[in-house]
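These notes concern the structure reproduced below.
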Amino acid sequence: MDDDEDVRESISSFFRSVGLHVEGFAAAETFLASPSLPDTDCLITDLHMPGMDGLGLHRELLRRGVNIPVIMMTAYSTPEARAEASDLGAAGFVDKPVDPEILLHDVEAILRAARHRRVPSDRSGPKS
């Protein structure tokens, strides 16, 4: 999610080129109202946006009980913003301009971990 359409489309296009399903949103409020929200496996959001910023979005998701891994990105990083993102449990914090390969690596790691958590393990042994 990014209010800058060029950034949003560039990242979305790159992720689609490697086979990931991506939806882009220009505003946090639009994402929060989206029917896609429950099916979201990872969220990449700009820290600074008009209306609700990325930290506010993460706080709102937590308030709603929605536990989506969040990667914050910003061109204006501060130690305070990094600390707050970390305190909220952000999965990552990257500086713009973002290297799409590094961002992809981070997202793939998050998606692998999510799949691993969803795979049920059968510890009861063989059934007879």
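Quick note: residue numbers are just sequence positions, from 1. Computed from a predicted model, the values in this text were never measured in an experiment.
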*Quick check: are there more than 12 heavy atoms from other residues, nucleotides or ligands sitting under 6.0 Å from CG of N67?*
no

_Within-4.5 Å side-chain heavy-atom neighbours: L37 and I68_ = yes

*Which residue pairs pass the salt bridge (charged side-chain N to carboxylate O under 4.0 Å, His left out) test with at least one member in residues 11-22, sequence neighbours excluded?*
E9-R16

Show me the side-chain donor-acceptor pairs of residues 18-33 shorter than 3.5 Å, one per line, residues at least two apart or across chains.
residue: E23; atom: OE1; partner: S36; partner atom: OG; Å: 3.1
residue: E23; atom: OE2; partner: S36; partner atom: OG; Å: 2.6
residue: E29; atom: OE2; partner: M52; partner atom: N; Å: 2.9

*Compare every heavy atom of F93 with every heavy atom of A85, then report the nearest pair and how far apart it is.*
CB-CD1, 3.7 Å

_So, using side-chain contact (heavy atoms from CB on, under 4.5 Å) as the criterion, who are the partners of D99 when residues are at least two apart?_
E101, I102

_Using side-chain heavy atoms (C-beta onward) and a distance below 4.5 Å, is I71 in contact with V94?_
yes

*Please round to the nearest 0.5 Å and tell me the distance separating atom OG of S86 and atom CG of L88.*
9.0 Å

*Sequence neighbours left out, what pairs pass salt bridge (charged side-chain N to carboxylate O under 4.0 Å, His left out) with at least one residue falling in residues 47-59?*
R59-E84

*Just by modelled atom types, is the R8 backbone N or O under 3.5 Å from a matching donor or acceptor in the S12 side chain?*
yes

*With side chains defined as the heavy atoms from C-beta onward, is the minimum distance between L103 and F14 less than 4.5 Å?*
no

*Pairwise distance CG(L111) to CG(L104) - rounded to 0.5 angstrom*: 9.0 Å

*Which residues pass the salt bridge (Lys or Arg N to Asp or Glu O under 4.0 Å) test with E60, sequence neighbours left out?*
R63, R64

*asked:* Working to the nearest 0.5 angstrom, can you tell me the gap between M49 CE and L55 CG?
replied: 9.5 Å

Show me the donor-acceptor pairs, under 3.5 Å and distance only, between side chains in residues 73-81 and residues at least two apart or in other chains.
residue: T74; atom: OG1; partner: Y76; partner atom: N; Å: 2.9
residue: S77; atom: OG; partner: R82; partner atom: NE; Å: 3.1
residue: T78; atom: OG1; partner: A81; partner atom: N; Å: 3.0

*Steps toward salt bridge (Lys or Arg N to Asp or Glu O under 4.0 Å) verdict (D46, K96)*: CA-CA 9 Å; D46 193 4; K96 288 181 179 178; 3.1 Å; yes

*Grab the two heavy atoms, one from M72 and one from A90, that are nearest each other, plus how far apart they are.*
CG-CB, 4.5 Å

*Is any side-chain heavy atom of L57 closer than 4.5 Å to a side-chain heavy atom of L43?*
yes

